[in-house]
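This report refers to the structure that appears directly beneath it.
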Number of protein chains: 2
Amino acid sequence: MTMSLVTGEPNGHPCTECAIRRLSVCAALDNAELRELAHLGRHVHFAACETVFAQEEITSSFYNLLEGVMRLYKLLPDGRRQIVGFALPGDFLGLAASARHNFSADAIGSAMLCQFSKSAFARFSEDRPDLLRRINELAVRELSQAQDHMVLLGRRSAEEKVATFLVGWRDRLVRVSGPSQRVPLPMSRQDIADYLGLTIETVSRTFTKLERDGVIEIMPGSIGLLDPARAEALAAA
Amino acid sequence: MTMSLVTGEPNGHPCTECAIRRLSVCAALDNAELRELAHLGRHVHFAACETVFAQEEITSSFYNLLEGVMRLYKLLPDGRRQIVGFALPGDFLGLAASARHNFSADAIGSAMLCQFSKSAFARFSEDRPDLLRRINELAVRELSQAQDHMVLLGRRSAEEKVATFLVGWRDRLVRVSGPSQRVPLPMSRQDIADYLGLTIETVSRTFTKLERDGVIEIMPGSIGLLDPARAEALAAA
DNA sequence: TGCCTGATTTGATCCGCATCAAAGACCGCC
DNA sequence: GGCGGTCTTTGATGCGGATCAAATCAGGCA
């Protein structure tokens, strides 16, 4: 299921005006470099639930996520799934420790990515220490998030997990689209469960409990954070 | 508790003959670069249970672990602990997403590290794309391990967790000290529990069960892997 | 508008691991 | 070699979240 659609060169929509430039790996490049990079990348579109790359596939491209949300996940042979992260615009995808992908990535809703061939990108970054440092910075940030998530998975209760997720998700959305009391949740309850190491029933019950306690308001496709302070307290504790 | 002891310049024990050179970040450097780097680093020793750096402390150094084993962990305000990894010789420590450490690091037994001031190391790496790429490689490998560990924490049973830990630990030791049927476990049962998101009692019971099943043999400070195939099957499933 | 389908919520019950408690095993030290 | 402290193992019990089951909701489409 990798029906991608090329919708245009980034130069049709020049990198210098890219909305997510400051968030992405491209923040390390000046306008001249950006013009050069533009020739190497192309925009590709994915519809809801399409897979961009799968675990164990040979890595052949890097991607900048431009629009949309993606789920990054690993499967066990018996079908158990762990979502290792959600990607938002500005995230850089495709780095792997070996020649194969460590995890799978699908679009949650419709998504637009900027694709680079791995070899061309490697050649471009070869003698650009600023870009290498930027990639490093993003990788280390990811690692730090992964470590925070290990604490959540290993040591927190269901209620703490859900509250931490909601607060963290809201904070990430702020960087992309600015603050808002309404928090969109494009992913399904099953996705949230697989991210938090819970079942869908426990996630649903915990949402209901938080709503009864006046912490959140449940709406289709989003929640309202009625009592952010209380949610943050649950997330910190 | 940061009673470090300077025991000598790396040039007293030249980098070119460093036992862990090929495993470490230094594998990216040639002999001339290594001689230059030697002036920037110094060997520091830590006794069992001493803290090398603590969560939230300002980052001021990078380290190469030369000898010994370290535990890397995060604490919640109420004292719950999650060990995010164990470091072995060759591991590079001190990278952080912000100016502060994301986690704490203690020596488990006695440990020797090669310390570099962050600023001096940053200056040295500034225009060395090979070194930057090497750091990248190590960071991405860490990230990949972290993602594997999330699957373990979120989706595996106690028995799978313990078996996966034993097999993975053995595999890591092989890279450092070569293959062996006896697997040293320098860390305590509590450390293992906090790594796997379990309690000490569950870890102990699971060890006992694996021994009853003929998979392992429990010895003080180590285990014997009697039936590696069965342990690997538990780890894979 | 009303049906059909998948997602979500709610309910009842069960089980794996946590918790509480106590008995061994190991180690350093005198 | 004996003693005290810590770490590990074992036992008894309880609970949080999983599992099984069914009702309700939301959204797409005729």
Side-chain angles (χ1 to χ4, degrees), chain A residues 47-49 71 76 78-83 108-110 152-166 184-213 216-224 234 237, chain B residues 47-49 71 76 78-83 106 108-110 152-166 184-213 216-223 234 237:
Chain A
C49 291
R71 68 179 149 249
L76 290 175
D78 64 3
R80 282 176 288 178
R81 184 177 72 156
Q82 176 67 45
I83 291 186
I108 285 182
S110 159
L152 178 144
L153 290 171
R155 289 293 178 227
R156 313 198 80 149
S157 69
E159 190 175 24
E160 290 171 339
K161 285 177 173 181
V162 170
T164 305
F165 165 67
L166 292 176
L185 295 179
M187 69 291 286
S188 70
R189 293 288 188 270
Q190 185 64 62
D191 287 339
I192 297 173
D194 287 346
Y195 182 59
L196 299 178
L198 297 171
T199 59
I200 185 174
E201 294 94 334
T202 298
V203 170
S204 181
R205 277 186 246 275
T206 307
F207 269 72
T208 304
K209 174 171 192 309
L210 289 174
E211 183 168 53
R212 263 202 318 273
D213 295 350
I216 64 170
E217 181 191 353
I218 301 172
M219 293 171 278
S222 72
I223 59 113
L234 281 168
Chain B
C49 292
R71 70 178 148 250
L76 290 176
D78 63 4
R80 282 175 288 178
R81 184 176 71 157
Q82 176 67 45
I83 291 186
D106 323 319
I108 285 181
S110 159
L152 177 143
L153 290 170
R155 289 295 179 226
R156 314 197 79 149
S157 70
E159 190 175 25
E160 290 171 339
K161 284 178 174 180
V162 170
T164 305
F165 165 67
L166 293 175
L185 295 179
M187 68 292 285
S188 70
R189 294 287 188 269
Q190 185 64 63
D191 288 339
I192 297 173
D194 287 345
Y195 182 58
L196 300 178
L198 297 172
T199 60
I200 186 174
E201 294 94 333
T202 298
V203 170
S204 182
R205 277 185 247 275
T206 307
F207 270 72
T208 305
K209 175 171 193 307
L210 289 174
E211 183 168 53
R212 263 202 318 273
D213 295 351
I216 65 170
E217 182 191 353
I218 300 171
M219 293 173 279
S222 73
I223 60 112
L234 279 168

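In the text below, chain A, chain B and the rest are named by the order of the sequence lines, each starting its count at 1. Only a predicted model underlies this, so the values are computations on that prediction, with no experimental measurement involved.
Comparing V203(A) and S204(B) against DNA chain D, the residue whose closest nucleotide sits nearer the 5' end is S204(B).
Residues forming a salt bridge (charged side-chain N to carboxylate O under 4.0 Å, His left out) with E159(A) (at least two apart in sequence, or on another chain): K209(A). In terms of the salt bridge (charged side-chain N to carboxylate O under 4.0 Å, His left out) criterion, residue partners of D191(B) (sequence neighbours excluded) are, by chain and number, R71(B), R81(B). For R189(A), there are no salt bridge (charged side-chain N to carboxylate O under 4.0 Å, His left out) partners, not counting sequence neighbours. Applying the side chain to side chain donor-acceptor pair (under 3.5 Å) rule to S110(B) yields the partners H45(B); only residues at least two apart in sequence or on another chain are considered. Scored by the side chain to side chain donor-acceptor pair (under 3.5 Å) test, Q190(B) finds D194(B) as partners (sequence neighbours excluded). With sequence neighbours left out, the side chain to side chain donor-acceptor pair (under 3.5 Å) criterion links T208(A) to no other residue.
We find that CG of L185(B) is positioned 14 Å from C1' of dC7(D), with the value rounded to whole Å. Residue I200(B) contributes atom CD1, which lies 17 Å from atom P of dC17(C) at whole-angstrom precision. The CD atom of Q190(A) sits 13 Å away from the C1' atom of dA18(D) (whole-angstrom rounding). The interatomic distance linking R189(A) (CZ) with dC25(D) (P) rounds to 15 Å, in whole Å. Put simply, CZ on F207(B) is 12 Å from C1' on dT9(D), counting in whole angstrom units. In this structure, M219(B) places its CE atom 18 Å from C1' of dC27(C), rounding to the nearest Å. Taking atom NZ of K209(B) as the reference point, atom P of dC17(C) lies 11 Å away to the nearest angstrom. One interatomic measurement links the two molecules: NZ of K161(B) to P of dG16(C), which rounds to 14 Å at whole-angstrom precision.
Backbone-only contact: S188(A) has heavy atoms under 4.0 Å from sugar-phosphate atoms and none from a base. When heavy atoms are screened at a 4.0 angstrom cut-off, I218(A) is found touching the sugar-phosphate backbone but no base atom. Here I192(B) lies out of heavy-atom contact (under 4.0 Å) with every strand. Residue contacts for T208(B): at a heavy-atom cut-off of 4.0 Å it reaches the sugar-phosphate backbone alone, with no base atom in range.
Remark on the helix from dT1(C)-dA30(D) to dC30(C)-dG1(D): inter-end axis angle 40°, axes from five-pair C1' superpositions, rounded to 10°.
Between the E217(B) side chain and the E211(B) main chain, no donor and acceptor come within less than 3.5 Å of each other. Between the side chain of R80(A) and the main chain of R155(B), a donor-acceptor pair closer than 3.5 Å is present.
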Which pairs, protein N/O on one side and nucleotides 11-17 of chain D N/O on the other, fall under 3.5 Å?
from: dG11(D); atom 1: N7; to: R205(B); atom 2: NH1; distance (Å): 2.8
from: dG11(D); atom 1: O6; to: R205(B); atom 2: NH2; distance (Å): 3.1
from: dA12(D); atom 1: N6; to: R205(B); atom 2: NH2; distance (Å): 3.3
from: dG17(D); atom 1: OP1; to: A158(A); atom 2: N; distance (Å): 2.8

Every protein N/O within reach of nucleotides 2-5 of chain C N/O, cut-off under 3.5 Å:
none

Between side-chain atoms of residues 197-205 of chain B and protein atoms elsewhere (two or more places apart, or another chain), which donor-acceptor pairs fall under 3.5 Å?
from: T199(B); atom 1: OG1; to: T202(B); atom 2: N; distance (Å): 3.3
from: T199(B); atom 1: OG1; to: T202(B); atom 2: OG1; distance (Å): 3.1

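Between I108(B) and A48(B), the shortest heavy-atom contact is O-CB, 3.6 Å. Contact record, L152(A) with L196(A): CD2-CD2, 3.9 Å, taken as the closest heavy-atom pair.
With contacts defined as side-chain heavy-atom distances shorter than 4.5 Å, the pair I218(B)/L210(B) does not qualify.
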